[in-house]
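Notes follow the structure.
Quick caveat: nothing in here was measured; it's all calculated off a predicted structure. The chains referred to below are lettered A, B, ... by the order of the sequence lines, with proteins before strands, and numbering in each begins at 1.
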Protein chains: 2
Amino acid sequence: MLTANTSTQARVSLAMPSPAGANWSRQPKLWSTMSDLCSLVGIAEAVVEDSFQFQHVQFKAGQRIHTIGQPFDMLYVVNSGFLKTVMIDELGNEQVLSFPMKGDIFGIDGIHGKQYCTETVALTNCDVILVPFKILTSLGRTHASLEAAFHAVMCRELVREQTMISTLGSLTSEARVARFLVYLSQRFAEMGYSGTQFNLRMTRAEIGSYLGLTLETVSRTFSAFNAIGVISVDQKAIQIHDLESLRTLRRLPPSRARVRAEARRASMDAMAA
Amino acid sequence: MLTANTSTQARVSLAMPSPAGANWSRQPKLWSTMSDLCSLVGIAEAVVEDSFQFQHVQFKAGQRIHTIGQPFDMLYVVNSGFLKTVMIDELGNEQVLSFPMKGDIFGIDGIHGKQYCTETVALTNCDVILVPFKILTSLGRTHASLEAAFHAVMCRELVREQTMISTLGSLTSEARVARFLVYLSQRFAEMGYSGTQFNLRMTRAEIGSYLGLTLETVSRTFSAFNAIGVISVDQKAIQIHDLESLRTLRRLPPSRARVRAEARRASMDAMAA
DNA sequence: CGCATCCTTGAGTGATTTCAAACATAGTGG
DNA sequence: CCACTATGTTTGAAATCACTCAAGGATGCG
C-alpha cells in the first residue's frame with residue numbers, strides 16, 4: 001500500500017517540465033537541471049546557464065542512502081518518498097534527527113570532516129537527486145546567487161535544529177506530539193496532499209526517538225488526542241479534526257482520573273473546614 | 001573580578017602578531033586580519049592577500065550584541081569573554097542555545113531570512129570581532145579555500161546542534177550535567193586555562209535552559225556530584241576531581257535512599273520465599 | 001496459517017518538576 | 001559600616017509526568 005502511494009507521488013512530481021519527454025509516464029525521471037532543483041528546494045533562484053544534469057536514483061523502502069563514516073562527496077535532495085536520518089550514539093542507540101521528504105536536503109552534515117556523521121534510510125520507496133558537492137561549489141563560484149541560496153539552505157537547516165532543541169527542552173510530551181502532527185500536516189499540504197488526512201510513514205518508535213519520548217508515550221498521546229476528538233487514529237492512518245487545538249496545545253485537558261483526584265481533594269478540604 | 005579575569009584573557013590572545021604594535025598592553029586590540037580570524041576559529045586556512053581589517057568591539061556584561069528581528073549583516077567571532085545565545089518562544093520564555101566563547105562564531109542563524117532569529121548577550125565583558133557578511137562572501141568568491149572553510153564552520157555548527165538534540169532526547173539529567181562539565185573543561189583547557197578548576201559564567205537557570213532541565217535539578221545534580229566526590233562546587237566555583245567519571249557517567253550510583261528501597265524489596269522477597 | 005513487527009493499554013515505579021523556604025552574595029544608599 | 005534589596009543558590013517535601021515492564025491485539029509477509 002505504501003509503495004503504491006509513493007509511486008503515485010512520484011508521478012505527480014513528474015508533471016514538471018522534463019527533458020526526458022515522452023516516456024516519463026512509466027519510467028522515473030532520471031535527470032534534473034539546476035533550476036528544477038532550486039524550485040524543488042524552494043529557492044526563488046533560477047540560474048540560467050545550467051548545463052549540468054543531476055542524476056536521480058531510486059531507493060526501495062529500507063535501503064540506506066548513505067552511512068556513518070562513509071566519505072562525503074554528495075548532497076541529496078528528496079524528489080519523492082519519505083526517509084529518516086539518524087545518528088548512532090556511543091551505546092549503539094539510534095537517534096532520529098529528521099524525516100526528510102519532498103524538497104528536503106540531506107547529507108549536509110558530511111561537509112565538515114569529509115565524511116557523513118549520520119545515516120539516512122528510506123522509509124518508503126524514494127526518488128532522490130544526487131548533488132555532487134564539488135559541482136555545487138564550482139557552480140556557486142560562477143553564480144553568486146546560487147552560492148547565497150546554498151548558504152540560506154544550510155542556515156534554514158540550522159534554525160530548524162535550533163527550534164527542535166527548544167522544543168525538546170521546554171515542551172511536554174503532548175505538546176511535542178501535537179506539534180509533530182501540525183508539522184506533518186503542513187508538509188503534506190505543501191506537497192499537494194490532504195493536510196488533514198494522511199498515513200504516517202514512520203513507526204511509533206521512530207517518532208518517539210525524534211521527539212525524545214518512548215514509543216508508548218507517543219501511542220498513548222495519540223490515543224488521548226483521539227479520545228478528546230482532536231484527531232482520529234487507526235494505526236498509521238491519521239485524521240486531523242482540530243488543527244488549531246493541536247497548534248496551541250500546551251497540556252492535555254484534565255482526564256477523568258485527574259478530575260476525580262481533584263474532586264477528592266476538594267471534598268477533603270471541605271471536611272477539614 | 002570577572003572583569004579583571006576577562007581582560008587578562010584578552011591580553012593572552014593579543015600575543016598574536018598584531019599590526020597595532022606598541023599600545024596593546026592597555027588598549028584592547030581594535031583590528032584583526034583574516035588570518036588572525038582563521039586561526040582564532042580553528043581553521044588551518046590562511047588566506048594570503050588579506051588586506052581587509054576586521055573591527056573589534058568591546059561589550060560589557062549584560063549588553064546585547066544583536067537582537068531577534070534585527071536586520072542581518074554581520075557574523076561575530078568571540079575573541080574573549082563569555083556569552084549566551086537565546087531563542088524566545090511564543091510564550092516569551094528564553095531558551096538558551098549555546099554559550100559562545102573564544103573562537104566561536106555566532107549570528108549565523110541570520111543568513112536565511114535576512115534577520116537574526118536569536119539574540120546573544122554578554123555574560124562577562126567581551127571582545128567580539130565583527131565580520132560583515134558581504135565582505136566574507138566576496139572574499140570567499142576569490143579564495144576557494146576560504147569559502148570551503150566557511151562551509152565547514154557552518155556544518156560544524158549544524159553537527160553540534162544535532163548532537164545537542166541527541167543529548168536532550170536520550171540522556172538523564174545527571175548525564176547531561178556531567179557532559180556539560182566535560183565540555184566546559186575541554187573548552188577552558190583549549191583556551192589555556194585550567195580544565196579542572198574554573199568559574200561558571202552562567203546561572204543555574206541558564207544551564208538548566210540549555211540542558212532542558214530546571215535550575216533546581218541542575219543545582220541538585222551538582223550537589224550530588226559533589227557528594228560522591230567527582231567534583232567540588234561552591235556557588236560558581238567548580239573543581240573537577242574525576243573527569244573520566246563525568247565522561248562515562250550514565251546514571252548516578254545508587255543513593256542511600258535507593259539502596260534502602262532495594263534492601264527492603266530484597267527482604268520482602270526473602271520473606272515470601 | 002504462522003511468524004515478525006508494530007501498536008495499544010494497564011499497572012507500578014521513579015525521575016524530574018513544582019512549590020516553598022532559607023541561605024549566599026553583591027551592589028546601594030543612608 | 002550596616003542594613004536593605006535584588007539576584008542567585010541550595011535543599012526539602014509533595015506531586016506528576018513520562019518511563020519501564022508486561023501482555024494482548026492488529027497487520028503484513030512468506
Side-chain angles (χ1 to χ4, degrees), chain A residues 1-5 60-62 93 123-124 168-177 199-209 211-227 232-238 250-252 254-262 264-265 268, chain B residues 1-3 61-62 93 123-124 168-177 199-209 211-227 232-238 250-262 264-265 268:
Chain A
M1 190 185 79
L2 292 180
T3 305
N5 201 333
K60 297 222 171 89
N93 297 319
L123 296 175
T124 66
L168 291 174
S170 66
L171 298 187
T172 63
S173 61
E174 293 116 32
R176 292 185 209 182
V177 174
N199 287 320
L200 298 173
R201 308 300 158 74
M202 62 293 280
T203 67
R204 303 289 191 264
E206 285 159 347
I207 297 172
S209 171
L211 297 176
L213 303 169
T214 59
L215 68 97
E216 293 97 330
T217 300
V218 174
S219 177
R220 270 187 250 274
T221 307
F222 280 156
S223 298
F225 287 167
N226 188 61
S232 296
V233 204
D234 178 39
Q235 302 287 117
K236 295 236 193 281
I238 298 281
R250 321 233 110 245
R251 46 195 344 148
L252 226 39
S255 68
R256 267 193 293 280
R258 215 181 306 169
V259 169
R260 232 183 299 126
E262 285 293 333
R264 188 153 15 97
R265 190 182 318 166
M268 284 175 67
Chain B
M1 189 185 80
L2 291 180
T3 305
N93 297 319
L123 295 176
T124 66
L168 290 174
S170 65
L171 298 187
T172 63
S173 62
E174 292 117 32
R176 293 185 210 181
V177 174
N199 287 321
L200 299 173
R201 309 304 156 90
M202 61 294 281
T203 67
R204 303 289 191 263
E206 285 159 347
I207 297 171
S209 171
L211 298 176
L213 303 169
T214 60
L215 69 95
E216 291 96 332
T217 300
V218 174
S219 176
R220 271 187 250 272
T221 307
F222 279 156
S223 297
F225 287 166
N226 187 62
S232 296
V233 203
D234 178 39
Q235 302 287 117
K236 299 238 195 266
I238 298 280
R250 322 235 108 245
R251 44 195 347 146
L252 226 39
S255 67
R256 268 192 293 281
R258 215 182 306 170
V259 169
R260 231 182 299 125
E262 285 293 334
R264 186 152 18 96
R265 191 181 316 166
M268 284 174 67

Partner of B:Val233 under side chain to side chain contact (heavy atoms under 4.5 Å, CB included), chosen from B:Thr221, B:Asn226, B:Leu200: B:Asn226

Rounded interatomic separation in angstrom, taking CG from A:Leu171 and C1' from D:dC17: 14 Å

Between C:dA15 (P) and B:Glu174 (CD): distance, integer Å: 8 Å

Polar side-chain contact B:Arg204-D:dT11 base: donor and acceptor under 3.5 Å: no

Member of B:Leu213, B:Thr214, B:Val218 meeting the side chain to side chain contact (heavy atoms under 4.5 Å, CB included) criterion with B:Ser173: B:Leu213

D:dT11 phosphate, OP1 or OP2, under 4.0 Å from B:Ser223 side-chain N/O: yes

5'-most by nearest nucleotide on DNA chain D - A:Val218 or A:Asp234: A:Val218

Nucleotide C:dA15, atom C1' - distance to CG of B:Leu211 in whole Å: 16 Å

Donor-acceptor pair (no angle test) under 3.5 Å: B:Glu216 side chain, C:dC19 base: yes

Sugar-phosphate, base or nothing in reach of A:Gly208, heavy atoms under 4.0 Å: nothing

Separation of D:dT9 P from B:Leu200 CG (nearest whole Å): 8 Å

No-H, no-angle donor-acceptor pair, B:Arg176 side chain to C:dT16 base, under 3.5 Å: no

Sugar-phosphate, base or nothing in reach of A:Leu213, heavy atoms under 4.0 Å: sugar-phosphate

pair A:Thr124-A:Lys60: side-chain heavy atoms closer than 4.5 Å: no

Closest to the B:Ser219 side chain, choosing from D:dT10, D:dA18, C:dT16: D:dT10

N or O in side chain of B:Thr203 less than 4.0 angstrom from D:dT7 OP1/OP2: no

Length of the line joining A:Asn226:CG and C:dC7:P, which is rounded to integer Å: 15 Å

Nearest non-hydrogen partners of B:Glu174 and B:Phe225, listed with the distance: O-CZ, 3.4 Å

Of the listed nucleotides C:dT9, D:dC19, D:dT9, the one nearest the side chain of B:Lys236: D:dT9

Test applied, side chain to side chain contact (heavy atoms under 4.5 Å, CB included); reference residue, B:Val177; option that passes from B:Leu211, B:Thr172, B:Thr217, B:Leu171: B:Leu211

D:dC19 OP1/OP2 closer than 4.0 Å to side-chain N/O of A:Thr217: yes

Rounded interatomic separation in angstrom, taking CZ from B:Phe222 and C1' from D:dG8: 13 Å

Euclidean distance, atom CD of residue B:Gln235 to atom C1' of C:dA26 [Å, nearest integer]: 11 Å

Length of the CD-P vector between A:Glu206 and C:dC7, whole Å: 8 Å

A:Ser173 side-chain N/O to D:dA18 phosphate OP1/OP2 under 4.0 Å: yes

